[in-house]
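Below is one structure, written out as structure tokens; the observations come after it.
Since we're looking at a predicted model, the values are computed, not measured. Chain letters run A, B, ... following the sequence lines, proteins first, then strands; residues in each count from 1.
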Number of protein chains: 2
Amino acid sequence: MTLDAVAREAGVSPATASRALNGTTRVRDDLRERVRAAAERLDYIPNAHAQALANSTNNRTVGVICHDVSDPYFAAVSSGVMRAAAEQDLLVMLASTFREPAREIAYVSMLRAQRARAILLIGSGFQDRAWERALDAELEPYVRGGGRVAVVSRHRSLRVDTVQPENRAGAAALARTLVGLGHRTFAVLTGPPALTTVSDRLTGFREGLADSGIGLDRVVEGAFTRDGGYAAARRLLACGRPRPTCVFAVTDVMAVGALAALREEGLRVPEDVSLAGFDDIPLVRELSPALTTVALPLTSMGEDVIALALREPSAGRRARVVRVAGEVVVRASTGTPPVG
Amino acid sequence: MTLDAVAREAGVSPATASRALNGTTRVRDDLRERVRAAAERLDYIPNAHAQALANSTNNRTVGVICHDVSDPYFAAVSSGVMRAAAEQDLLVMLASTFREPAREIAYVSMLRAQRARAILLIGSGFQDRAWERALDAELEPYVRGGGRVAVVSRHRSLRVDTVQPENRAGAAALARTLVGLGHRTFAVLTGPPALTTVSDRLTGFREGLADSGIGLDRVVEGAFTRDGGYAAARRLLACGRPRPTCVFAVTDVMAVGALAALREEGLRVPEDVSLAGFDDIPLVRELSPALTTVALPLTSMGEDVIALALREPSAGRRARVVRVAGEVVVRASTGTPPVG
DNA sequence: GCGCTTTCAGAAAGCGCTTTCTGATAAGGT
DNA sequence: ACCTTATCAGAAAGCGCTTTCTGAAAGCGC
């Protein structure tokens, strides 16, 4: 079913049919009605590709690239993006890179080919220098051609609009809270240090401890996943050194793994060791003990990032940054340190 | 950057440039190389819309419609779809309906407009009769026009390729297992009964109990969400009747809510009451007690459903059904019933 | 009633690509 | 040497839409 068929059925020109359907220009009422009826009758659906080709400015799709939709963090942020997109009749193309840099580049390229109105990058980037350059090489011409890009907590090399959680301040506040509980020896389970998210949270946590003159006992690195957290926690426990009274995993997802590892070692949380995370993904409230964490408004961050991308570009070329505060939420996974 | 520009730069016709880049027809090696080089130099990215318009058969996008990406069930299935799609260079457009029927129809329509190669519907439909008809009215012409549709555990009215978890058999097996543990009084927390998923699991559970001559004590209905499970569990406990020794929530997501409700009532799981779910979403392993459930291979179901949609349509018009077995996984949330 | 602006429908020119179709050139057969 | 058969590049015709541009009809003041 093409527009031509509709026009013929309604006894008007394709031009008029187009105008009647889109309401771009005034069309006599009776004609408009006739076209509407004809379209209905023929079950006409405009070809979005033809529309996009003819009128390149009116694009209804936005692309979202994240590492893995099945990670609750990305799922929550994506959900916010989708809610906002739905309200504006936008279609979201969601891609998972499965943490492969090459796939990320490929997706940006596909999104460029689709002439997506905006590209949203969710989550930290990779540390690879070549990748950075390649991504920039894709994004730069896209932006120059009128494309919009916005990111959530992205790598430092990207000069684009950003939704930036206050990782450092949040981690510092968490550290202070934990010190307030009485803890003096701490370990941190981190992800890849090249990610700003990781290094900011680590730095913040250190600063928070430093306020009370406390040093960080141990830092163990692991993958940015549940299993990474599990492995890191095991390594922490295996090393033989005196156990810290409190463990901070830089993300909740890692904390979930860490909790499993601690349990397997027969340690009670929080009686033997306290555990805290960061993000407040939905599930951690359900754990027992429920996880102490720094809550980020994930869904609304998703809404923010798409709003940022869609907003009229500011006169100056400067990248805008929306800062999002994290709130320390103390739950049952932290307590006073064991005596003795 | 258009193909014409590339062709000019390479000193060939647009036709040759197109052929060189796509490899559709033999092109002399030196020309092909020249075109490649020119494309590279100009940072050429083909306009996917123009391609789609000119060659409607070659479409690289598939649409996935689910209720909510932030629900772990959908996230897991979607993740499988995406993994498979990535391997075939397909772009996935993922839409969340937020459980609004109208939005689902709208998305199908948008996907049709995009001339998506396939539309995948994940999760149960709505009970609304008008909605059913409307959905069918969208899907039927789409399929007639060569579009592919496949669904995961969908409503009965749809005659399309389906990945069908064996809800009934799985629930029955679970019931038998629970009876084997010694339980004799059961309650079920269900979702909207119009969903086949719900009614199949309920029926299967009943059958499993009936094998031992046991009847189902109570059925409480709630929304298909964590909060729905929570509310249903509270209602179950509030009714004053003697408490069942075992509760089955028809989905893990609901079971998570139920667990919270049981806890709040001061009940210990499994000492005071046993709890089981269905699906085996990733997080339920992490709960304590870890949830007994019927495990479905969610990610691989996602891979199955896209494979089903993309496979050459069978000669006969009959819808294909891939049955997926569930496996009872006994974890710590179930135990022997309390004595006395 | 005449020239003016205003309103609105239709003709036609693309948007950027793919793909026949056409024709030139080279290769092969006798 | 001549004709037939492959190869392969280019011209041109769309794909289905939007949007100028053009022109007819109607509305207005004098």
For this output row, return yes or no: ring centroids of A/F74 and A/H67 closer than 6.0 angstrom.
-> yes
When rounded to whole Å, the CG to P distance for the pair B/L3 and D/dG14 reads 20 Å
Can a side chain N or O of A/S13 be found less than 4.0 Å away from OP1 or OP2 on C/dA11?
-> no
Given C/dT18, is OP1 or OP2 found less than 4.0 Å from the side-chain N or O atoms of B/S18?
-> yes
Which residue lies toward the 5' end of DNA chain C, B/P46 or B/R19, if each is placed at its nearest nucleotide?
-> B/P46
Taking atom C1' of C/dG10 as reference, at what distance in whole Å does atom CZ of A/R34 sit?
-> 14 Å
Can a salt bridge be assigned to the pair B/R32 and B/D29 using a cut-off of 4.0 Å between side-chain N and carboxylate O?
-> yes
Nucleotide D/dA24, atom P - distance to CZ of A/R28 in whole Å | 17 Å
Is A/R112 salt-bridged to A/E138, cutoff N-O under 4.0 Å?
-> yes
Between B/N55 and B/D30, who's closer to the 5' end of DNA chain D by nearest nucleotide?
-> B/D30
Could you tell me the separation between the CG atom of A/N22 and the P atom of D/dT20, rounded to a whole number of Å?
-> 13 Å
Mind calculating the distance between CG (B/L42) and P (C/dG16) to the nearest angstrom?
-> 14 Å
Specify the separation, in whole Å, of atom CG of A/L53 and atom P of C/dG14.
-> 14 Å
If we ignore angles and hydrogens, is there a donor and acceptor under 3.5 Å between the side chains of A/T2 and A/D4?
-> no
Have a look at B/T2 and say if it touches a base, only the backbone sugar-phosphate, or nothing, with a 4.0 Å heavy-atom cut-off.
-> sugar-phosphate
Take atom CG of B/L31 and atom P of C/dT25, then tell me their distance rounded to the nearest Å.
-> 15 Å
Do B/T24 and B/N22 have a side chain donor and acceptor closer than 3.5 Å?
-> no
Please determine which of B/V322, B/L308, B/V321, B/L120 meets the side chain to side chain contact (heavy atoms under 4.5 Å, CB included) test together with B/D161.
-> B/L308
Just to confirm, is there a sub-4.0 Å distance from OP1 or OP2 of D/dC15 to any side-chain nitrogen or oxygen of A/N47?
-> no
Could you check which nucleotide pairs with D/dG29 in any of the strands shown, counting Watson-Crick or G-U wobble with both distances under 3.5 Å?
-> C/dC2
Side-chain atoms of B/R26 come closest, of D/dC8, C/dG10, D/dG16, to D/dC8
Looking at the side chain of B/A54, which of C/dT19, C/dA9, C/dT18 is the nearest nucleotide?
-> C/dT18
Numerically ordered, the residues 112-119 of chain B set in heavy-atom contact under 4.0 Å with DNA chain C is none
Heavy-atom distance under 4.5 Å between the side chains of A/C66 and A/Y73, does that happen here?
-> no
B/M1 CE - C/dG16 C1' separation (whole Å) | 13 Å
